[in-house]
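The structure appears right after this line, and notes come after that.
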Amino acid sequence: MASLTSIPFTLPPSSLSQKQLFLHSFLPRKLAHSTKRGFKVRCAAVGNGLFTQTKPEVRRILPENNQGLPRVKIVYVVLEAQYQASLSAAVRALNADRRHASFEVVGYLVEELRDVETYESFCEDLKDANIFIGSLIFVEELALKVKDAVEKERDRMDAVLVFPSMPEVMRLNKLGSFSMSQLGQSKSPFFQLFKRRKQSAGFAESMLKLVRTLPKVLKYLPSDKAQDARLYILSLQFWLGGSPENLQNFVKMIAGSYVPELKGTKMEYEDPVLFLDSGIWHPLAPCMYDDVKEYLNWYGTRKDANEKLKSPNAPIIGLILQRSHIVTGDDSHYVAVIMELESRGAKVIPIFSGGLDFSGPTQRYLVDPVTGKPFVHAAVSLTGFALVGGPARQDHPRAIEALRKLDVPYIVALPLVFQTTEEWLISSLGLHPVQVALQVALPELDGGMEPIVFSGRDARTGKSHALHKRVEQLCTRAIRWADLKRKSKEEKKVAITVFSFPPDKGNVGTAAYLNVFASIFSVLQGLKKDGYDVEGLPDTPEALIEDVIHDKEAKFSSPNLNVAYKMSVREYQNLTPYASALEESWGKPPGNLNSDGEHLLVYGKQYGNVFIGVQPTFGYEGDPMRLLFSKSASPHHGFAAYYSFVEKIFQADAVLHFGTHGSLEFMPGKQVGMSDVCYPDSLIGNIPNIYYYAANNPSEATIAKRRSYANTISYLTPPAENAGLYKGLKQLSELISSYQSLKDTGRGPQIVSSIISTAKQCNLDKDVSLPEEGEELSVTERDLVVGKVYSKIMEIESRLLPCGLHIIGEPPSALEAVATLVNIAALDRPDEGISSLPGILAETVGRNIEDVYRGSDKGVLADVQLLREITEASRGSITAFVDRTTNKKGQVVDVAEKLSSILGFGLMEPWVQYLSKTKFIRADREKLRTLFEFLGECLKLVVADNELGSLKQALEGSYVEPGPGGDPIRNPKVLPTGKNIHALDPQSIPTAAAMESAKVVVERLLERQKLDNGGRFPETVALVLWGTDNIKTYGESLAQVLWMIGVRPVSDTFGRVNRVEPVSLEELGRPRIDVVVNCSGVFRDLFINQMNLLDRAVKMVAELDEPIDQNYVKKHAVEQAAELGVTVREAATRVFSNASGSYSSNVNLAVENSSWNDEKQLQDMYLSRKSFAFDCDAPGAGMTEKRKVFEMALSTADATFQNLDSSEISLTDVSHYFDSDPTNLVQGLRKDGRKPAAYVADTTTANAQVRTLAETVRLDARTKLLNPKWYEGMMKCGYEGVREIEKRLTNTVGWSATSGQVDNWVYEEANTTFIKDEEMLKRLMETNPNSFRKLVQTFLEASGRGYWDTSEENLERLRELYSEVEDKIEGIER
């Protein structure tokens, strides 16, 4: 840790001043005990604004006295610094020897080459270098810099050696006549490596196989090349051997063979000292072991072992290590982990591999070959890399297969690679984005969890050192996971944590799409059957609600939740080491949240060994002043007390967070790679965290994984149904059917007249331009009016909506799965050779489905009718198919068997039978069969049930198989649920397919805006990027931004996107549109690389030499640069988000808690929280506040824009959408005071639409809030259903507040539906009076704020109801 004093960094006064307590593990001694002034870890990078400030000079060795010897200069570039000490020792030894030659060496870490000065110095060093060495250069933009610099000097240099890296760099290899310049081409002897890279762990692993099979390869090379090739392979063996002796002989061999001045001298070198390719290593063992039995024999005879270690019941942890750290002697961080585990009584089996594929070694050394059972109770990888493939190409299926056989919790901890310890400590981002992509995102695809930073890097020597507090955290948590494998079920304690948001008794058990208490009840019954102690569990979910929420729950006369524990202030302070750090935000404990003035209160109820507790909320929801702070406050004392209780008093073996989502993972701290002063890390402490998360929300699930170390288990969203039609809309549909059959008789005009008046009653005149009643219309005009109304009605009827709420362990029945299958069938899947069902049916009648969609959108009656027939035929044929695969109870029986019998007889295929009765009788049989085989697979996945099974696996300390999160319709691989959710490789987006979809949406958006804007293009569009949307669509909305400004992404050899290039104005065919990009806090955490890409793209476009009337980015940047007195590049800042560690604009919190005075206050919240910019020129600085630039950029916006990408989440389902909407704010900032147009792209179906915000809000209201099918589905869910109805109304008010785009009739109809209907009113009040009170309050608030103009009579009734429900809640019967 001495290095911590080598680079001083200042800690200005304030904010985290109370955190000395546990900062001492990192800080230099003189700072750790400073008491004179408060101090704070600084949240910005220093110096050049990059992530690392280290310089190559610390790796430069000059010979002291060359005594006239020839001088050999070596320049090397490596990914990690573990070779630095070993290579430096080798060169010093050679110089001390003073024979043959004197050596100068200088080394660069690849990340340092981002710095302009360092890169110049690298190019300068190459000018007189004899030998260049590169290794593990896998970051494309830096690989290209290395290639450009080395290429210029390659022919002059005596030797160029590049070990596993990107092909562009590998092609630089040159050793005498041996070259790799044709690498990847068929005539290259190394072509086989590239041909086979897809099925193996990639190029690097193939190279290592090559080393092992050297003689076979050499016989294919011409004889003069054989010697040079042999020396290359020997070089690789020396390099992989990594010890100072090996590297000394390597330098001698290359210098002696290839440096002209040394050709005559005989430089003797020894063969490489070969280490095992893979094996078991322990710092105290006499040797490396290739046999696990031998290792265990040695382990059992150790004299130094303590009593705990000798116990046959000791936990056993498997460790996965990188061989290069062991052979180069850079292993102190590994030693620290081994010693820490052993001191805590855990045995270890530390395995290593020289390659990048650890799947074989885990099987060989961690699984008993006889029984097939694991030797270990948990596995911890200290490499930070994916199990198979390291930083190059990964093979996740093979990794998952190996880990499934191992079947223990799999933790992937992180050594700092691109930053020194200090740089990580002072960074608000935490880990370097490239390291997040390589060492956090990729291991998650294997099912890895808990990305805890356990070792740092010394800036001077490059050596790794353990971060002791972090190592303690890692080892304790690994042992706690291992204990789940060892403990019996009846003694395990589980703390189920539910959420209450916004804080109110009517909201206890909030979770997206989930019936929480019915699910908990189902889970506890399952655990009880399995032998867990849940003594006293009530008989019904309703009784469980009453227990947790006290007597009659949110029923009447119960002001408080059930108090499970009262914690005194002294006990709280003893149990919570960071308690004093919370006082700056919240004062002395106990405070007034979760407290009775003397004690801190923990709410919940215990049943045997299961505790059901209510997680406290953020605490600042109701305080408008706190909501205005640009950075989020720390957790309050009640929040901290809850987790101290769960860990230290209840002593939970695991905590189960129930549903999407709580507040723990959104507490302040680094984005990724927590330190011990980050609140999520402090709060979760040492408890294994299992988290039920909605399968369609991979982005926030990923935040939970990275920031609160959760093992996330996916649950299904409720089965989707078509919205259907009701009341006046149903009547309209009937009128249209009449018109079609009678239009050529004299009754046509009369029916059209009825259609127009009914459409107006249904408020469709806002969406469709209708003629005045009684106006004379020609036949064509009548058809067009009917076509437009018909198209609108079909849009409403076919809209998908999740009905009711999901219960864990209750998969949908087959018939409930029909609507999902219809939508899966509506998408073309060219990669899999599957045509969409609507496409196949349209072809049958000689039409292209895209043309039918376009015609229907325009209201062409024949196309609307055809689309209706196609939709009905799709539903009918799929229903017929599902009917044939189910039994009488509606359960899917053995689908595979049924399918093979169905597919065996062409005539008997149920879909063919169905279609034979329609106009689509001639549909292509082969295409249909391919499609229905795929649908059969999907059906099996939809109805599979593994949610409870996976939870049991996690509680038993088994491996939970990973799977992608997202939209099951776009990506059926999301199913079955019950998987450990992961996102995707952040460098893989946007994909080519996403780019194509994005172009369509952008062109439609611009067409629509021109239509509404007098034929002019918008100069600026303000839009939002969401984490989940970009995961589900593989980067469609990210691609939309790129296409607006007119650039395209460029992929590297591995398919990763780290570069963009401009599209010419000719190809674009329009001006480049300026953008203001507001990234959600979750997008910022998951896709910081893509923010970098976007910022580079915008700045590149601003600097193009183009006329400003064709480049609005440049036009505005030039104007703003002049006004602000900065460069054009700086003025072209367009990528914004929250400060690191903060999320949302808080507008949603203010609206949900009615804690705001006026719209100006909401706009101030948005500006104060969202004006932090990302700068690609100083990526290490994280998010920097640039409010002035943000306001100026927004003031040019002509349109605001958001995306809806899946059917289960729409504008009023969640508060995030209006929380990020700047429509009214832009109006206030624009010089002309004009409100920008507001648009929403809807890509939830194959027929992508761009609608105005007002149209989308209306569609949402009609299909959900006002739709009996939806609200009756919710009412069936009881207590939670009432809350869901209230939430939709509150979110509608949110849209009024941020955009003013909600029509008066929406509130009026809602009032008629829920308040004027006495029967409905009574059901709402009885089922959940607290949520009903909030519903009434929201109606009154909508009127009071001027969003709803209604009769005094309606308002009087609402006031009466409010008093009535208040009295009932307080227990006063009238």
Side-chain angles (χ1 to χ4, degrees), residues 74-84 87 107-114 119 122 126 129 131-154 157 159-175 178-185 188 190-194 196-197 200-211 232-233 235-240 242 250 254 322-324 328 354-357 383-386 389-394 417-418 434-435 437-439 442 987 1051-1056 1058-1059:
I74 301 170
V75 178
Y76 67 92
V77 174
V78 287
L79 174 75
E80 295 183 76
Q82 71 259 47
Y83 275 89
Q84 179 182 331
L87 194 53
Y108 291 78
L109 299 182
V110 70
E111 185 57 29
E112 294 168 349
L113 299 179
R114 285 184 200 276
Y119 184 64
F122 171 61
L126 286 172
I131 299 166
F132 172 76
I133 304 166
S135 174
L136 291 184
I137 301 168
F138 283 111
V139 180
E140 187 198 24
E141 53 190 306
L142 301 174
L144 294 175
K145 284 183 127 180
V146 171
K147 171 183 169 279
D148 291 347
V150 176
E151 230 164 22
K152 291 180 188 134
E153 303 294 333
R154 179 177 182 266
M157 283 195 276
V160 176
L161 289 137
V162 183
F163 304 124
S165 292
M166 291 191 74
E168 293 86 334
V169 195
M170 293 295 297
R171 291 192 189 104
L172 296 169
N173 267 302
K174 176 191 93 159
L175 220 50
F178 171 78
S179 152
M180 282 198 190
S181 57
Q182 296 169 327
L183 186 66
Q185 298 165 21
S188 149
F190 288 83
F191 178 57
Q192 297 307 317
L193 303 184
F194 270 83
R196 290 186 21 249
R197 71 186 169 198
S200 80
F203 178 69
E205 195 60 32
S206 305
M207 277 204 81
L208 297 168
K209 285 188 184 134
L210 185 68
V211 173
Y232 176 77
I233 301 294
S235 301
L236 184 54
Q237 286 180 326
F238 276 127
W239 186 256
L240 295 173
F250 162 55
I254 297 299
Q322 236 177 313
R323 191 183 76 158
S324 59
T328 56
L356 299 171
D357 180 357
T383 67
F385 287 123
R393 280 187 183 270
Q394 295 72 41
V417 174
F418 299 109
V434 174
Q435 186 166 5
L438 290 178
Q439 298 200 318
L442 294 178
Q987 298 180 93
S1051 302
D1052 69 12
T1053 320
F1054 298 116
R1056 297 180 304 205
N1058 287 309
R1059 279 192 308 137

Minimum side-chain heavy-atom gap [X]-[Y] below 4.5 Å:
{"X": "P164", "Y": "L236", "result": "yes"}
{"X": "V417", "Y": "F385", "result": "no"}
{"X": "L79", "Y": "F418", "result": "yes"}
{"X": "E153", "Y": "F132", "result": "no"}
{"X": "F238", "Y": "L161", "result": "no"}

With a 3.5 Å distance limit and no angle check, can you tell me whether [X] reaches the backbone of [Y] through a side-chain donor-acceptor pair?
{"X": "S1051", "Y": "R1056", "result": "no"}
{"X": "E111", "Y": "E80", "result": "no"}
{"X": "R154", "Y": "L172", "result": "yes"}
{"X": "K174", "Y": "M157", "result": "yes"}

side-chain hydrogen bond (donor to acceptor under 3.5 Å, both in side chains) partners of T328, counting only residues at least two apart: none
Let me check something: any side-chain donor-acceptor pairs from residues 140-147 under 3.5 Å, sequence neighbours excluded? List them with distances.
| from | atom 1 | to | atom 2 | distance (Å) |
| --- | --- | --- | --- | --- |
| E140 | OE2 | R1059 | NE | 3.4 |
| E141 | OE1 | R114 | NH1 | 3.3 |
| E141 | OE2 | R114 | NH1 | 3.3 |
| K145 | NZ | L113 | O | 2.8 |

Sequence neighbours left out, what passes side chain to side chain contact (heavy atoms under 4.5 Å, CB included) with [X]? Give chain and number order.
{"X": "A437", "answer": "P986, Q987, N1089"}
{"X": "S135", "answer": "V78, F163, W239"}
{"X": "S324", "answer": "Q82, Y83, Q322"}

Residues forming a ring-ring contact (aromatic ring centres under 6.0 Å, His included) with F122, sequence neighbours excluded: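 Checked F122 against ring-ring contact (aromatic ring centres under 6.0 Å, His included); matches are Y108.
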Minimum heavy-atom distance between S165 and F138, given as atom pair plus value: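 Scanning both residues completely, I find the closest heavy atoms to be C-CE2, 3.6 Å.
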Closest contact, heavy atoms only, Y232 versus N173: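 Answer, listing the atom of Y232 first, then N173: CE1-OD1, 3.3 Å.
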Distance, nearest 0.5 Å, that separates OG1 of T383 from CD of Q439: 7.0 Å
From I133 atom CD1 to I254 atom CD1, the distance as rounded to the nearest 0.5 Å: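 Answer rounded to 0.5 Å: 8.0 Å.
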